[in-house]
Amino acid sequence: MAPPLLRVHRLEVRPPGAATSICRDVSFDLAGGERVALVGPSGAGKTTLLRALNGSVAALSGRIDLAGETVNPSATGALRGLRRRIAVIPQKHDLVEPLRVYHNVMAGALGRWSDAHALRFLFWPLAAELGEAQAALERVGLGDKLRARAGTLSGGQQQRVAIARALVQRPLLLLADEPVASLDPRLAHQALQLLCRLAEDDGIAVICSLHQPDLARQYFPRTIEMEAGRLVGDRTRDARPQTVPAAPAMRQERAARLA
Amino acid sequence: MNAWRSLLGTLAGFFPPDLSPHYLRALLPPVAETIGMTAGAMLLAYAVSLPVGLWIGARLPGTRVLAGLLAGIRAVPDLTLAIFCVIALGVGPGAGMLALAIYYAAALGKVFGDLCRTADPAPLEALRAAGASRMQVALVGMLPLKLRDILSYGSYEFESAIRASVIVGAVGGGGLGAELVGTLNAFDFQRTATLILVLVALVSLFDQLAVVLRREPRWLVALLPPALYCAWRFWPPSASLAHAASAFAGMLPPGLDAAAWRRLPDLVAQTLGMAVFGTALGAAAALPLALLSARNLSPVVIALPVRRLLEALRAVPEVVWGLVLVASAGIGPVAGTLALAVHSAGCLGRLFAESVENVRREPLIAVASTGASGVAVAAYATLPLALAPLAVHTLFRLEWNVRQATVVGMIGAGGIGQALYEAQQLFFYRRMMAYLLLTWVLVVAVDRSSEWTRRRFRWMALAPEEIAS
Ligand SMILES: Nc1ncnc2c1ncn2[C@@H]1O[C@H](COP(=O)(O)OP(=O)(O)O)[C@@H](O)[C@H]1O
Ligand SMILES: [Mg+2]
């Protein structure tokens, strides 16, 4: 059996400033390309768990392995390497509004670009790079917004730009913290549908925290439930394997990235 | 190359500063005079600007004229105003105090007027409904509602006032400024260095005082008796006030001869050039310093020393940098430009750092979470988000530097300022008035274009305490 993409083992997290541990004894595995919803009441520790997974807060004890490597966020180089392979879609609008949409989308590539490359793109984007941004935008249905200022987009559009940025990052794992909390029900369905379909196409694993259990059931084969910092439930919708096999080309590319 | 070597050579002559007890003791009287001038001037400025601010805030008859008058006075550079007072009243701290009082009365009057207009309308409406006149509404409504803000803003100007009092001292207004010019004329640069250190210490002392007063504006009352004493002590004798009126009449009407007219384009170009290049150089130096001193970008071991450096750069006023640079780099616009740039770097560095620290955190976190390096986060999130406030601060600094370009001109950096000073030295008072008028037109023109630019790009307006610096 191949090792899982992500293995969380007896994780305990106490963010700086917190009096007690916010996550305790959290253990679960996630296979490559698997999609799981993280549900639980407000204050259960969902955000804290996601922040620990991308290294924003250090674990007090326990272990996180990503693609066979143990995550050690205290080493800066290692932290950047980890973050490059994990994309984050935050809850609130977090685009850099004075910049153009293509800047925001290609910010997803900053982890693999050198500083010189990043500075050059800011002022002098090449056609190939704009093409990559355009392709990502078309996948989220914003093909006509490449050169718009990010600040002129609506809330829903800004979130789709954030999804395009995550796609450009070509991550192994995508973390979304209540991505639909600020959207009305119709837009929430659209956003989750889009997110799940794109992740499936690219073979990206997803952990998505959600408030609404019905949305979790509808879009995610597996649901993990948190309460007061602990995992209290881990249900898979049916017995069939939940992962959708990735296209062969995609699998090769992912294998190359893992190596 | 040689110019640089001579500059460095002269600058080396400033070390070590003369810290002998003998000289420090000799400095006590001029320090006391400078503090006294400032205290008296601020008291007079408050006494005038409080009623004027209320008048404008309440929109009593004549508000337009009054506001225009204040704007006109504010467009006159402080040193020019001081020269004026020195001519009219004779050399001494009295002239310096009055120049400062006029300048700060105009500055505070405008801000107080603006503050009064932001008073909560509900209680004022209630007073009006009860049949109170506009004057009564202002006195029993606006004043109590806004007194705290007014006192707290006024104390903001303390730091700037002590710096200005050294400036006016340099053209005959007494105190530390007179001493400073004396040491430079005697090539006694080690003592110049001492005086600069004393000035830095005084400015930071007043800065601390302002911080305390902003928190507890009531304590201003404790400063009232000594300030009253100073105002009384330095008040010019009535005979010289009478002389001032006739001196002023002798300056009218303003006029220039043909040769002066021909020189005019050059003078304007030099003054504007010093302002523009000084601001640009200062902003270019301020940006990296600001990034190094921003709490959210830079580790404390780097941020703290850079902060101290910025404080030192801005504690020394442009004109003092100008005196030092003219003495070491020679007379001309280059010294003036550098003087403006050094002080601007200090002021803009702090303001830029604050703007960078105040950007929204969420976009920064989002960009950092892609695995971007520190440089990439700064380039793709921090700086773009801080760009608008940075531009606004730079434009405000340009407005200020047009005034200061005239001021450093007077001490030998060229342009209109130098022409003005020469006219004064030769007693060509009508010509001097013409240059004064020209300065005023230039300042107003630059202020207007800067305002237009800010509107055009919709760069946000800043809170008054952000502008004050
Ligand atoms: N840095 C911190 N300092 C203090 N308390 C914290 C910190 N981070 C999280 N908490 C607390 O931990 C609890 C869980 O927070 P969070 O992870 O945001 O839960 P959820 O996302 O499930 O709503 C909350 O009660 C919150 O106040
Ligand atoms: Mg949360």
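Order of the sequence lines fixes the chain letters, A, B, ..., with proteins taken first and strands second; residue numbering starts at 1 for each chain. Quick caveat: nothing in here was measured; it's all calculated off a predicted structure.
Crowding of A/Arg112 atom CZ: a count of heavy atoms from other residues, nucleotides or ligands under 6.0 Å exceeding 12. For A/Arg7, the CZ atom is loosely surrounded, since the number of other residues' heavy atoms within 6.0 Å does not exceed 12. The environment of A/Arg120 atom CZ is dense: over 12 non-hydrogen atoms of other residues, nucleotides or ligands sit within 6.0 angstrom.
Using a 4.5 Å cut-off between heavy atoms, A/Arg165 touches chain B through its side chain atoms alone. Heavy atoms of A/Ala87 lying under 4.5 Å from chain B are absent altogether. When heavy atoms are compared at a cutoff of 4.5 Å, A/Leu122 approaches chain B by way of both its backbone and its side chain. For B/Arg361, no part lies under 4.5 angstrom from a heavy atom of chain A.
Minimum interatomic distance between A/Asp115 and B/Ala376 (heavy atoms only, all atoms of both residues): OD1-N, 4.2 Å. Of all non-hydrogen atoms in B/Ala366 and A/Pro90, the two that sit nearest each other are CB-CG, 4.5 Å.
Below 30°, between 30° and 60°, or above 60°: for B/Tyr380 and A/Phe121 the angle between ring planes is below 30°, a parallel geometry.
The most heavy-atom pairs under 4.5 Å with chain A, out of B/Ala368, B/Ser373, B/Ala381, come from B/Ser373.
One distance of note links CG of A/Leu82 with OG of B/Ser369; it measures 10.5 Å at 0.5 Å rounding.
Looking only at side-chain heavy atoms (C-beta outward), B/Leu385 and A/Val96 come within less than 4.5 Å of each other.
Partner of B/Thr370 under the side-chain contact (heavy atoms from CB on, under 4.5 Å) criterion, out of A/Val168, A/Val88, A/Leu110, A/Ile86: A/Leu110 alone.
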